[in-house]
Trainee: 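My questions all concern the structure below.
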Protein chains: 2
Amino acid sequence: MSKKHSTSQDVAELAGVSQATVSRVFAGGAIVSEKKKKKILEAAEALGYQPNAHARSLITRRTRMIGVVMRNIRNPFYSAVLEIFHNRLSALGYHLIFINSTNEEIQEKEISQLLEYNVEGVIITDALLSSSAALKFKRSEIAVVLFNRYTEQAGSSSVFCDNYLATKQIAAYLVELGHRSFAFISGPSDTSTTLDRLKGFEEVLKERNITDFMIEPGNYTYESGFKSAQELMTKNKHIDCVFCGNDIIALGAMDAIRVIGLRIPEDVSVFGFDNIRMGAWPSYSLTTWEQPVEEMIDGTIEILLNEINDSTAKPKTLMFKGHMVVRNSVKKK
Amino acid sequence: MSKKHSTSQDVAELAGVSQATVSRVFAGGAIVSEKKKKKILEAAEALGYQPNAHARSLITRRTRMIGVVMRNIRNPFYSAVLEIFHNRLSALGYHLIFINSTNEEIQEKEISQLLEYNVEGVIITDALLSSSAALKFKRSEIAVVLFNRYTEQAGSSSVFCDNYLATKQIAAYLVELGHRSFAFISGPSDTSTTLDRLKGFEEVLKERNITDFMIEPGNYTYESGFKSAQELMTKNKHIDCVFCGNDIIALGAMDAIRVIGLRIPEDVSVFGFDNIRMGAWPSYSLTTWEQPVEEMIDGTIEILLNEINDSTAKPKTLMFKGHMVVRNSVKKK
DNA sequence: ATATATTATGAATACGTATTCATAATCATA
DNA sequence: TATGATTATGAATACGTATTCATAATATAT
């Protein structure tokens, strides 16, 4: 029975070399004679040696770990986001510490965890970052990128869609098609995403002198969408278009609307945001706005790696446009 | 500007004590006078000190890290599983290294990653574990629990539903209701889950002398369910019941069946497995078999922690029963 | 052959913490 | 007050690795 964990010292002894030489083989980059290299690799194999990442990171001051903070991993949009982030970062040799923040705001405890593990960078999606929290990361010189969010104060990098512009286009499109009575089922009102989406939409309605506009607060879940739509539509039978803060809300809204007995899009139009896969399913065929997730993620990673490697890098903002995906949940003229 | 990372030494100097005393405060359990403790905490606060988890794990030989290996995080069942695992383990002071294995089988590289980080335990869901891989974990005395899977050979602990018994009950139920022509859209044929579900179902049909049974291989995705159902139903118009390897397949199958123009359950019955939330959505109202996810997860964690703390613990198998959830996707008599 | 450049290696050290061991300070007891 | 028990602290060390520095072995040029 071998020892619990073999060390480079064990390998060195078995191979008849020094610990330093073993390290050179596994750390790479240094010159080791072929003969010894072979011996060392054989010894390592025999002992089942694996370098200890903690000891290594202690000396190299690089952990190759990235923290990913999410809320609402059940939202298919974020499941997909997590998958893609993992695949990209894994290919780059980084490991993911996954944190699912159950609270609105990323908590002290969660920040501490990430700091203690010396993550090189943090990606924060869909969870609020207070300025004091941002400060802690900054103080430890840990790179932070907000994904699908931004905050004015924090001075962190962020990557997101131009929600304001997008919703302006969406509103214009919907008005153009003849809708006159609108409802908006929103996400939590403390996020940039929610606010911008509302702002753009509302502005266009005002421009066009449409005042028939109800706003229903929600929280970016199916259940929230369902419940909000149910209330809205039973109380306000004249609404002819429901714009949803995101797709998962839209699916809930669609189901609620249909349960009531109304048809989509004949009686009510529904518009989403994100373009998650489920929106394309025939049961929904949701018209929505696509966020270019892959590009957003690539951009996020680029900024993050850049900040990791250059601690003087200034915070960057990367804004994408996205585009409309027309399916069958909106009534055409 | 403070240094990049303050160390316990820095705190010690500022507080006018030794490094050892600082460590005692943060590691807990040791006796430190109130006076010095206060000074130390103040100094730590001032410097933004966080203990270094890597250095700590080096000396304590505990990393408090758990590896979670998944495939197919996009499947809502596993999104939910990940969320719950995270919440539970996080509350217990463990951190999650998330690995999304894109391949059928957990790869050498992924195992190495987990070994290098000295995770204390590994949870493997929905990804195959070869016996050589299992051996590596065993050799490093890393606790392994298979979730929703088992392998005969590996000798690892595992937690799963009694798929065999469940599908027997399901088949009996469906036959009872008058179905005579069956199809099964399965998952990958190399997993215990898939095999057991098929076995139980098939056995009952044989007992009842029902030979009209088609098997369509799939891979536990919506797309797979959609495509399989489409092929099945266009070629075999007489099929009156489709049993699906899991819920996400079932949703795809339902959509495909409806697109063809058939009604559910009037023309075709559909039965799922898992009881993911989406099955309850009115658009689907899927009759299915519920896996008691929370209990399964609690059981998994209990076994895992036990193996972590007692390296002599024998592999355990925990089998749940689950129960049928009747909605409206199956034709009643 | 000798001098010089190159390659290969080991000894020693540092990373930041927890812990053992020894000792100093404080307390309780007789 | 003297003695022993208890509490509080620091010095030293170990965890497993990467890396610097010095030196030995080898190759190359003159």
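The model shown is predicted, which means the values in this text are computed figures rather than measured ones. Lettering follows sequence order; numbering is per chain, from 1.
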Trainee: Give B:T21 one of three labels, base, sugar-phosphate or nothing, depending on what nucleic acid heavy atoms sit under 4.0 Å from its own.
Mentor: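 Sugar-phosphate contact only - B:T21 comes under 4.0 Å of backbone atoms but never of a base.
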
Trainee: Taking the six-membered ring for Trp, is the centroid-to-centroid distance between B:F26 and B:Y49 below 6.0 Å?
Mentor: yes

Trainee: For B:E13 and C:dT17, give me the distance from atom CD to atom P, rounded to whole Å.
Mentor: 13 Å

Trainee: State, yes or no, whether a side-chain contact exists between B:M70 and B:I99 at a heavy-atom distance under 4.5 Å.
Mentor: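 Result no, sub-4.5 Å side-chain heavy-atom pair not found.
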
Trainee: Ring centroid separation for A:F85 and A:F147, is it under 6.0 angstrom?
Mentor: yes

Trainee: Which residues satisfy the side chain to side chain donor-acceptor pair (under 3.5 Å) test with B:T21, sequence neighbours excluded?
Mentor: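 B:T21 satisfies side chain to side chain donor-acceptor pair (under 3.5 Å) with B:S18 only.
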
Trainee: Assign each of A:Q19 and B:G16 to its nearest nucleotide of DNA chain D by heavy atoms, then name whichever residue's nucleotide is nearer the 5' end.
Mentor: B:G16

Trainee: Are A:I123 and A:L89 side-chain neighbours, meaning at least one heavy-atom pair lies under 4.5 Å?
Mentor: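 Heavy-atom side-chain distance check passes, below 4.5 Å.
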
Trainee: D:dT17 C1' sits how many Å from A:R62 CZ, rounded?
Mentor: 16 Å

Trainee: Side chains of A:L96 and B:N100: does their closest heavy-atom pair fall under 4.5 Å?
Mentor: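 Not in contact.
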
Trainee: Whether A:S8 contacts D:dG16 is assessed here as follows: a side-chain N or O lying under 4.0 Å from the phosphate OP1 or OP2. Is that the case?
Mentor: no

Trainee: Would you call B:R62 and B:E120 a salt bridge, using N to O less than 4.0 angstrom?
Mentor: yes

Trainee: State plainly whether the residues A:R71 and B:E83 are in salt-bridge range, i.e. N to O under 4.0 Å.
Mentor: no

Trainee: Between B:E116 (CD) and D:dG16 (C1'), how many Å, whole number?
Mentor: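 Interatomic distance, CD of B:E116 to C1' of D:dG16: 13 Å.
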
Trainee: Closer than 4.0 Å, any side-chain N/O of B:S18 to the OP1 or OP2 of D:dG10?
Mentor: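 For D:dG10, OP1 or OP2 has a side-chain N or O of B:S18 closer than 4.0 Å.
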
Trainee: Between C:dT17, D:dA18, D:dG10, which one does the side chain of A:S23 approach most closely?
Mentor: D:dA18

Trainee: Contact class for A:V22 (heavy atom, under 4.0 Å): base, sugar-phosphate, or nothing?
Mentor: nothing

Trainee: Would you say the base of C:dG16 and the side-chain of A:R61 have a donor-acceptor pair closer than 3.5 Å?
Mentor: no

Trainee: Whole-Å distance between D:dG16 P and A:L47 CG?
Mentor: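 For the pair A:L47 CG and D:dG16 P, the rounded distance is 14 Å.
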
Trainee: Between D:dA11 atom C1' and B:Q9 atom CD, what is the distance in whole Å?
Mentor: 12 Å

Trainee: Counting side-chain heavy atoms from CB outward, which of C:dA12, C:dT17, C:dG16 is closest to A:A20?
Mentor: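 Selected nucleotide: C:dA12.
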
Trainee: Would you kindly give the CG-to-P distance between B:N118 and D:dG16, to the nearest whole Å?
Mentor: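 After rounding, the gap between these two atoms is 9 Å.
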
Trainee: Where along residues 31-45 of chain B does a heavy atom come under 4.0 Å from DNA chain C, residue by residue in number order?
Mentor: none

Trainee: Would you mind classifying the nucleic acid contact of B:A27 as base, sugar-phosphate or nothing, using non-hydrogen atoms under 4.0 angstrom?
Mentor: sugar-phosphate

Trainee: Do NZ/NE/NH1/NH2 and the carboxylate oxygens of A:E34 and A:K38 come within less than 4.0 Å?
Mentor: no

Trainee: Rounded to the Å, how far apart are B:H5 NE2 and C:dC15 P?
Mentor: 14 Å

Trainee: If you measure only the distance, is there a donor-acceptor pair under 3.5 Å linking the side chains of B:N148 and B:Y78?
Mentor: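 Note: B:N148 and B:Y78 side chains meet the donor-acceptor criterion.
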
Trainee: Within residues 49-60 of chain B, find the residues that approach DNA chain C with a heavy atom at under 4.0 Å, and present them sorted by residue number.
Mentor: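 Heavy-atom contacts with DNA chain C come from B:Y49, B:Q50, B:P51, B:N52, B:A55, B:R56, B:I59, B:T60.
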
